Amino acid sequence: MSRGRVGVIVAPANPSAEPELTRLLGSRADMHVTRLPVRPGSLAERLESYNEALPSMVYAFDGLPMSAMVMACSEPRYLLGPDEDRDQCAELTAATGVPFASATQATREAMEHAEVGDIVLVSPYQPWLTELAERFWKTAGLNVTQVVQVRAKNGYSSYAVTPAELISQVELAELPGDAVLLFTGTGLATLPVLGRLSAGNDRILLTSNLCTAWWALSRSIGQHVTFGRVPHRRYMGGAA
């Protein structure tokens, strides 16, 4: 099978998207990365600037042929509604001729493919942004049964939460053994925690990076990649 090329647009300080997407894409696609512009200001202002910069960022690869492009950055999309997010992804696909999705749109399509209806939202964001994320997924038609607010030692930051902190706070939430957990945030290190959090239960664990990689690989090979019963355990090993 020929290797695809995936263009990835990430936030300037994101420490986890590239390592996790590299692992998830494996030998089936090469990854080419560009970073959103550094902007001063509050978090809300920076997130707004990322959305504003996106239409020009899809041209940052200067004609390099791509199988798919993704915006591996969830937070700014929560400032939009799910319909606006989806429509902009469709517009950028049409403008570039390359399938394009934000991390949130990729996650939405992955959950539709997995026939997910109820989710527990695990969020490392500041409370106001977690509220926007919850509203986003509810507006998209999902039933958010519970929200687990995750905090790093020194405050709310998806980049700063350690795997140990993530495991501890999710375990303290005493979630149902058959819950579907959505870990939002491409900057959150999630691959190291999935085995521990799925041991001895029937949970489905979905992450922003897992869903983004699923979407990109599916577009690269032209058919849906298999998730399996518990997506992370198979790491999208085959085509469906």
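Treat the numbers as computed from the prediction; the structure is a model and nothing was measured. Computed over heavy atoms, backbone and side chain alike; hydrogens, waters and symmetry mates excluded.
- At a threshold of 4.5 Å between non-hydrogen side-chain atoms, the residues C73 and N14 do not count as touching.
- One distance of note links OG1 of T190 with CD of E20; it measures 3.5 Å at 0.5 Å rounding.
- S220 places none of its side-chain heavy atoms less than 4.5 Å from the side chain of R3.
- Between V98 and F61 the shortest side-chain heavy-atom distance does not fall below 4.5 Å.
- A donor atom on one side chain and an acceptor atom on the other are found under 3.5 Å apart for Y125 and T184.
- In terms of heavy-atom proximity, S158 sits nearest to P124 at CB-CG, 3.4 Å.
- Residues Y156 and T130 bring no donor and acceptor atom of their side chains to less than 3.5 Å of each other.
- Counting heavy atoms from C-beta on, the side chains of L36 and P12 come closer than 4.5 Å.
- With salt bridges taken as basic N to acidic carboxylate O contacts below 4.0 Å, one links R219 and E109.
- Counted by atom type alone, E84 and Q88 present zero donor-acceptor pairs between their side chains at under 3.5 Å.
- I9 has its side chain within reach of F100: a pair of non-hydrogen atoms, C-beta onward, lies under 4.5 Å apart.
- Taking 4.5 Å as the limit, some side-chain heavy atom of R196 sits within range of a side-chain heavy atom of E171.
- Taking 4.5 Å as the limit, every side-chain heavy atom of W214 sits out of range of all side-chain heavy atoms of L24.
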